[in-house]
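Chain identifiers are assigned alphabetically (A, B, ...) following the order of the sequence lines, protein sequences preceding nucleic acid strands; residue numbering begins at 1 within each chain. Owing to the predicted nature of the structure, the values given are computational and were not obtained by experimental measurement. Heavy-atom basis, side chains included; hydrogens, waters and symmetry copies ignored.
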Amino acid sequence: MPEEIDFTMDRRTALKTTLGAGTLALAGCLADSDEDEFRIGSPWDVGRDPLEDGSPLRRLGITEALVSVDYDAEPTPGLATDWERVEDTRWEFSLRENVVFHDGEELTADIVVNSLDRTVGSEAFAGVPITAVEAVDDSMVAVETESAFAPLPAHLSRNDAVILSPGSFEDSEIVEPISTGPFVFESMQPGTELRAVRNDDYYGEVPTIESVQYEVVEDDQTRRMSLENGELEMARILPQETVSELEETDGVDVYTPEIPRIRFLTFDTTIEPFDDEQVRQAVNYAVDREQLTESVLEGVDTPAVGPISPEITDWADPDLEETLYDPDRARQLLEDAGWTNGADGGVRSRDGEEFEIEVVTFDDRSLPLLAEALQGQLADVDINLEITVVEYGTMLDKVSQGSFDAYLTSWGTLWYPDPDRLADMFHSDGDLHHGYENEEVDALLEEAREVEDREQRRERYHEVQSIVLEDAPIAVLTSYTNVVATAVEVNGYEPHPTESRYGLESITVEEP
Amino acid sequence: MWRSLDAVREWLSERTRSQFAWSLRTTPGVRFGGTVVCLLAVVAVFGPLVSPYDPTAQVLEARFEGPSLAHPLGTDALGRDVATRIVHGARVSLALAVAATAVRVVIGTTIGLLAGYVGGLVDTALMRLVDIQLAFPGLVLALVIAGVLGPSLRNVMIALSVVGWASYARVVRGNVLEVKDRPFVEAARLYGTPQRRIARRHLLPNVVNPVVVLATMNLGTIVLTAAGLSFLGLGAQPPTPEWGTMIAGGRDYLRSAPWIVTAPGIAIMATVIGFNVLGDGLRDVLDPDHLGERERGRS
Amino acid sequence: MRLDVSDLHVRFRTRSGPAHAVNGASFSVDTGEIVGLVGESGCGKSVTARSIVRLEDPGEITCGSIEFGGTDLSAADDRTLQRLRGRELAMVFQDPETTLNPAYTVGEQIAEAIRVHRDPDDQPFFRELFAGVRSRVGSKRTRERVLELLREVGIPQPKDRIDDYPHQFSGGMRQRVMLAIALARRPSLLIADEPTTALDTTTQAAVLERLKTINDEYEMGLLLISHDLGVVSQLCDRIVIMYDGVVVESGPTEQLLSRPAHPYTKALLGCLPSRSEPGETLPTVSGSPPDGSPPSAGCVFVDRCPFAREGCREGERPASDLDDKRTVRCDVPEAREADIEAMREATAADPIDGPGPDPGDREQNVAVAVDGGVQVDSPTDTTVSPSRSAVGRPVLELEGVTKTFRTTDAVLDRILGTDDRLTAVDDVCLDLRAGETLGLVGESGCGKSTLARVIAGLESPTTGTVRLDGEPVGDVDSRRDGQLADVGVVFQNPGTSLNPKRTVRESLAEPLLEAGWGKRRREERIEELLSLVELPEEYADRYPRQLSGGQLQRVAIARGLAVEPTVLVLDEPTAALDVSVQATVLNLLERLQSQLGLAYLFVSHDLEVVRHVADRVATMYLSQLLEAGPASQVLSKPAHPYTAALLEAIPDGEPMDDETRLAGEPPSPTDPPSGCAFHPRCSMADEKCERLEPAWETVGDANSRCHYANELTDDQDEK
C-alpha cells in the first residue's frame, strides 16, 4: 500500500518541518520569483524513482504510464492506445505512435518492457500476478498473468507503473526521471521541492504553464498561509476546518472534490466483544455519521456506509441503506448480545466484564478528533471507548499483530481504478486484519477478479458490499474530501478523482 | 579575608537564625514562585471540585466558542470548556510531575548515597551508570522509552522517572563525599554508630537542601517535558485533559480559535516559571554556600 | 611610598541592614616599614586590607580616605587602580591552597605578574584570549626573572620547579610562590593577609624570615595582618591593634608589647599561653566578641573592659597620642596605666560582667575565679591536682604501633601488589596515665593526627597493639561498648565536627543513645555535660550555626566526654580558635581534667600551647617519635635537635639561631631517608646519622632518638 504511506504524517515530522518550511517561505520571499512559475504546495515528499515517492512526478505530468485514469475513475488510454485481453491470462497493449521521451528517445516496445520489468519486479507489485512482460513487435507489448486478472489495466495505470526512458538509469539507479509527459523534470531536492518545465514537444495538449515548482510543505497552516500570501498558486490537502474561512478569503478559490477514500473503524472479529456480529452492528447503528461530518469534519465530508462512494463510480452498490443511525436499535442489539447495564446507566457489562474497548488510531489530521467524537457517541449507548493515538507505523505493527479491539483509519478505495480493491478489504486474505472470513464473499471477490464482463463483475461487487454491511467487519464512517485551494487567477483546474494527475496542462493563469 | 567575611556571614546567620521562615518569606524568588505554585496547587486540588463542566463532555453544537461568561476560556474542537480542561489538566500535570520527581529523588538519592558512602567499586559502577544516563539526551531517552512502552500518561511518568535521577545521584554523591569525611561523621563512628544510621542521621540531612532545590526546579521541567511528550502524542490519550495534548489538539485551529492553544500554553509557562523561580529562591535560602561562592568569586 | 589610612569606614549591605565591618580605622605604613595589623576574628582587619587594594566588594567604603603615594585610593578610577596594583601595591592572601590557579604552572603565574608589571595599562582582551594558550615563560628574559624571583623567595632548585604545578608544592612553598608573584611587581607596599596562618610553625618561621629579608632588600613597606601577636612581634616595626572595626592602639612593637596602653591590647597579651606558667589558668577577655552591629556611641570595648566607666559609653573615644609614636583610643588613665597583671585582677573583680546586650550569645566567662595570676584558686584545685602527678597503671598503651597506607587506590595495583605503601606511623610506643596530659607535637604530615586516629579507633594499626586499660583493642568497629566509651575525641575544627543539621542536644545524645542509655538518663547527662562545659542549658536546642567557635568547641568537648571516657584525644583543639577563645577552652580543659581525672592526648603544632597544658611531651617527625619526656624538661632542655628546632621556630621576637634552624622541608614519607630520619635537616648531623638509625637514649627523665642526645643537653647546660 505505498499510497497509504502518503497519509501518514505525525506531529513530529510536522514540528521538524514547520521550521524548515518557515525558512523555505522566507527564502521564497527573498528569491526572485519567476512570474510564470506555477507553484504547488503539498505535504508529500518527492523522489526521483517512481517506486519511491514518485507520485508527484506522475501528478505533475512528468511521467506517464501505459494506462491513464479518466475523470470517472476508469482506466483510459495513456501510452497504450488500446489493449485487449487476448487470453484469460494474456493481455496485449498497443503503444501510442510517435511518442518521444524527454531525452529524444522514441517510445518502443522494448523500452516499455524494460521499464515495466523493473516495476513488476518491485515490492510494490508483489500482489499483482504478472508473470511476464514481452514485446510482441515494435509497438505491441504483451503481459502475461498467472491467473485470470481483470484489474490488470488498472494496475498498469498506477503511479509506480510509469514508463521511463533508458536514459533515466545508470546502473539500474534512476538518476533522472525521463518519461514522456507534458512536463520535463528539471531538478529536485528531496524533502523540499521538485521543478519541471513545459514539454513543448508533447504529443497531446501542450500546457500553457511554462514551469512548475512543487514544494514540499508538510505543515497545513504553512501551506495555507503561503497560498494566501501569494507564494503558492495551489495548496493541496488542506484541513477541513479551513474550508469555510478560505471560501471567505479574497483571492483564493477552494475545491472540495470527493475522492474515493473512506474513514472507517475495523473490528477484530476474532475476539470479544467484536466477535459478535450483533455488537459490531450495534456500533454501526450507534454512530451518528451525520453529526460527525457536520461537526468535527466541518460539513465538508459526507457520511458513508459503504466502501465505495456512489458519487464517484457505479461500482458502488446503490441499494445500501443511506443512514444507519438508530441508537435504540444499537442498545437493543447490545442487550441481545448480553451486554447489559443497570438502571444507573453505567458502562455495559457482560459476565462481570465491562464493555471497554481500545480504539487505536494514528496521528493523521482528523482521525484523533474523530475518535474523540466517536468516543462521545458510543458513550451514549454505554460503551466505553479508550483511544490510543500512535504513529502510523506503530498502528500497523499493532494491527498486524492482532493486538487491538478496533482501529480507526482511512483507505483509498480506488487508488488503482478497479473495485478489486474490495478484496484487500474483505477477502479473508485481505490486508485489514479484521479476521473476518466469509466464504461467500471470498468466492464473489475471486470470481469478480477473473471475469471480464463489467456487468458481471459489478453485480458481484454490489453483492459483496451488501453482505459486508450486514456482517460489519468494518464500520464505514465517512467519505473523504480533498481540500484544494488555488489562487483566484488559476483557471481550468479540474480535480481528478484518483489524484493520479493534477491536470496542469489544462490550467491557465491569468495575469494579475 | 576569611575571618572577617566569615564573621559577617556568621553574623548574618545569627540574625536570621530561627527566622528561617522569615527569610523564606522575604526572598523575592520564593515569594513569587511560591505564590504561583501554591495557586497552581489550589487550582489542581480544588478546581475540579468547583468547575461546572465535565472536562470530557462533548457539546458538538458548541464548538469553537470564543471566551464568554459561560466559557471564560472558550471551547475546543469538540465543544468542551477549555477552562475546565485547564483546571483538570493542572491536576494531571502536577500529579505526574510530583510522582515522577518523587521517584527520581528516591532513586537518585539512594544511588548517590550508596555511591558516595560505600565508595570503591560500587561507586565506580553506579557513577558509570549515571554517566551513561547523563550522556543520553534526556528528552530523547524519554521519547524512546515512552515510545517503546506505548503512549499513556503512566508510561510517560515511568519514562520521566527513569531518565531524570542521574542528576540527583550526582548531587547527592558529591555532597556525601564532602560530608562523609567531616569530623562529625567520624565522631559518630567513634561512639559506634552503625553505617546505616550514619547515612540516615548524618549524611542524608546534609544533602537534603540541594535535593530540594533540584527537585523544585525539576518539577517545572517535568511539567514541560510531560506536556512535550503529550504534545507529540506519547503522553495523555484523549480525552484526558492534559496541557500538552490540548496544545496538540488546538494547533490546527491556531488562527480561528487561538484560545485553545493559548490557555494551556500560558498554564505551562506559568508553571515552569513558577517552579524555577521558586527553586532559585529556595537555593538562595537553603544554600548560603552558593551565595558564598559568588562572594568568593570576586576575591 | 607612604600609605595613609584615615578614618576608614566599610559597610556590608545585608538583608537585615548594613553590617559595619570597619568603623574608622586610621594608621599609616611608611616606606620600608613593617606594620602589623592585629586583631581577632571579625575585627575588620582583613576588610581593611582588602579595602586598601580596593577589593572591598561586596562591602563599600562609606567614609574616610586611603592615601597611597599621594593618590586617594578610595576615589581612584579603575585605570589608576590597575596601574597601582600592577606596580606598587601587592597583596598576599592567607590560603595558598586557593589563591594559586591550579591550571597553570607556577612559572606561568609569576610571569603573568611580571608582564602586568611591565605594562599594566596594556592588557588587550584579544591578546589575553590567545595568551591563554601560549606559555608566558617562553621568553628567556622573563624566564630568568622568574627564576630569580623563585630563588629570592627561597625555593630550592628553582630551575626544576619553575614548570611545576601548584599541587606539586607544599603549603609553605606555595606561599613562597604567592610571595614571588607579589614581588614580581616590585611593589612599594606589600599587604600580607595572614600569610603564615595556614602553615606549620617551622614553615612559618622560614616564610616570616623571608619576608623580613625581602623587606630589607626591596625597601618595601609591609603591612602584615595577623591574629597572632607572636608572629607580628617578631617581624614588625610597629603594631596596630584593631577591635570591632576600630584601631584601638598603635605604636612601636617593643613599647606596645612591654607597655600596652589599651585594655584590649592588655587582655590580648594576657591570653597568650606563653605569658602564663604551665598549668596555670589563663586570663581571658570577658564578655562577648563584637558582632558587627552599627557603632554604638562610646568605646567599642566598653562591654568587656574592666575599667569601663559611665563616660566610656558616651561619645566617640578620640585617639590620643601617648607620645609622638603611639596612639591609643582610651582616655581612662587607670586603664592605660594598668599593667597586664593589674588588668587580670580587674577582670576578675569586674563588677560589670553582667549580661551584655545579648546574654545568650555571650561567651561564658570562664575566668570568674582568676585571682591574679600566679595562684589558681578554683575549687577543684584546692586538692592536689592529679594532672601534675599522674600515677597508677596506664589507661592507654601503644606498643610498636605502625600504620601504613596505600598510596594508590587502583584495583590493578592492589592485585599486582605494585602499590607503594606510605608509613604514617612507625613503631610508636607510648603510654598515658589517668590525670595526665601528653602533648604530641610535630610539623604537619608527621603522622601525629594519624596516631590520634589510631588511638581513637578510626584507623586500625597495621602492626603493633593499642591497649585500653591493659586490653588490646582494634578499630571502632571491633571495640566493645565499654571500650568505645573509654576514648573520647575532640577534633580540630568545631565547625565541622558537629553535624550542622542537629541541635546540640541531638549531637550530645547520640553517643549516649549508641551506648544504650535510656531517655531519662540521657536528658540528665546532657544537662550535666552542658554545665560541665559551662554552657547554659538553653543552648541544648540550638544549632551549631547559632554558636560561636568557642561555644562549638565546648559542645564538641562535651560530646567527647559524654559517655565518661578515661582518655580524651584532643586533635589540635584550639588551632582554629582566636587567642582569647583559646584561653577559655584551655582553661576549661584544665579544669575538666582535674575534676574528672581524665587523661589527655593533646595533639598540637603549637608548642606554646603544649608547654602550657602538657605534663609530658612527645615529638614526632616523619612518622617516628624522636623525643619523649616531661614537658618541663623537653621544652626547656630538648634532647633532640628537632625539638630544639621546633622551639627555635616559635616567633618570639628574637633572631633565629642559625645552628638549630630547620633547613628545608620534611622529606616525603613515601621515601624516608636512611639512618636518622631527621639527618637531612639536622645541623648536627654527620656521617653516622646518615647510616645508622639512632636508638633511644635516656637523658634525664626524657628519652631521645639521637646519637648525640647527651652532647646536645650538655651544650645547653653550658650556655
Let me check something: any side-chain donor-acceptor pairs from residues 107-118 of chain B under 3.5 Å, sequence neighbours excluded? List them with distances.
{"from": "Thr109(B)", "atom 1": "OG1", "to": "Val105(B)", "atom 2": "O", "distance (Å)": "2.5"}
{"from": "Thr110(B)", "atom 1": "OG1", "to": "Val106(B)", "atom 2": "O", "distance (Å)": "2.4"}

Distance-only criterion, 3.5 Å: show the donor-acceptor pairs between side-chain atoms of residues 119-137 of chain B and protein atoms not counting sequence neighbours.
{"from": "Asp123(B)", "atom 1": "OD1", "to": "Arg173(B)", "atom 2": "NE", "distance (Å)": "2.6"}
{"from": "Asp123(B)", "atom 1": "OD2", "to": "Arg173(B)", "atom 2": "NE", "distance (Å)": "3.3"}
{"from": "Asp123(B)", "atom 1": "OD2", "to": "Arg173(B)", "atom 2": "NH2", "distance (Å)": "2.9"}
{"from": "Thr124(B)", "atom 1": "OG1", "to": "Gly120(B)", "atom 2": "O", "distance (Å)": "2.9"}
{"from": "Arg128(B)", "atom 1": "NE", "to": "Asp131(B)", "atom 2": "OD2", "distance (Å)": "3.0"}
{"from": "Arg128(B)", "atom 1": "NH2", "to": "Asp131(B)", "atom 2": "OD2", "distance (Å)": "3.0"}
{"from": "Asp131(B)", "atom 1": "OD1", "to": "Arg170(B)", "atom 2": "NH2", "distance (Å)": "2.5"}
{"from": "Gln133(B)", "atom 1": "OE1", "to": "Ala166(B)", "atom 2": "N", "distance (Å)": "3.3"}
{"from": "Gln133(B)", "atom 1": "NE2", "to": "Val162(B)", "atom 2": "O", "distance (Å)": "2.6"}
{"from": "Gln133(B)", "atom 1": "NE2", "to": "Val163(B)", "atom 2": "O", "distance (Å)": "3.4"}

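For residues 184-191 of chain B, the interface with chain C (any heavy-atom pair closer than 4.5 Å) comprises Phe184(B), Glu186(B), Ala187(B), Ala188(B), Arg189(B), Leu190(B), Tyr191(B), sorted by residue number.
At least one side-chain heavy atom of Pro500(C) sits less than 4.5 Å from a side-chain heavy atom of Asn206(B). Residues Glu514(C) and Pro194(B) are in side-chain contact: their nearest non-hydrogen atoms beyond the backbone lie under 4.5 Å apart.
Only the side chain of Arg502(C) has a heavy atom closer than 4.5 Å to any heavy atom of chain B. Of the atoms belonging to Ala515(C), not a single heavy atom falls under 4.5 Å from chain B.
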Starting from the C-alpha separation in whole Å, work towards a yes-or-no answer on side-chain contact (heavy atoms from CB on, under 4.5 Å) for Arg201(B) and Lys501(C).
-> CA-CA 9 Å; Arg201(B) 228 188 261 167; Lys501(C) 299 283 170 179; over 6 Å; no
Take Arg197(B) and Glu510(C) through the side-chain contact (heavy atoms from CB on, under 4.5 Å) test and state the conclusion after the steps.
-> CA-CA 11 Å; Arg197(B) 219 173 307 164; Glu510(C) 211 176 329; over 6 Å; no
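Ranked by non-hydrogen atom pairs under 4.5 Å with chain B, the options Thr496(C), Asn499(C), Val476(C), Leu484(C) are led by Asn499(C). The candidate from Ile225(C), Leu498(C), Asp481(C), Val489(C) with the greatest count of non-hydrogen atom pairs under 4.5 Å with chain B is Leu498(C).
Applying the side chain to side chain donor-acceptor pair (under 3.5 Å) test to Asn175(B) and every residue at least two apart in sequence or in another chain returns nothing.
Counted within 6.0 Å of CD on Glu60(C), heavy atoms from surrounding residues, nucleotides or ligands total more than 12; the atom is thus considered enclosed.
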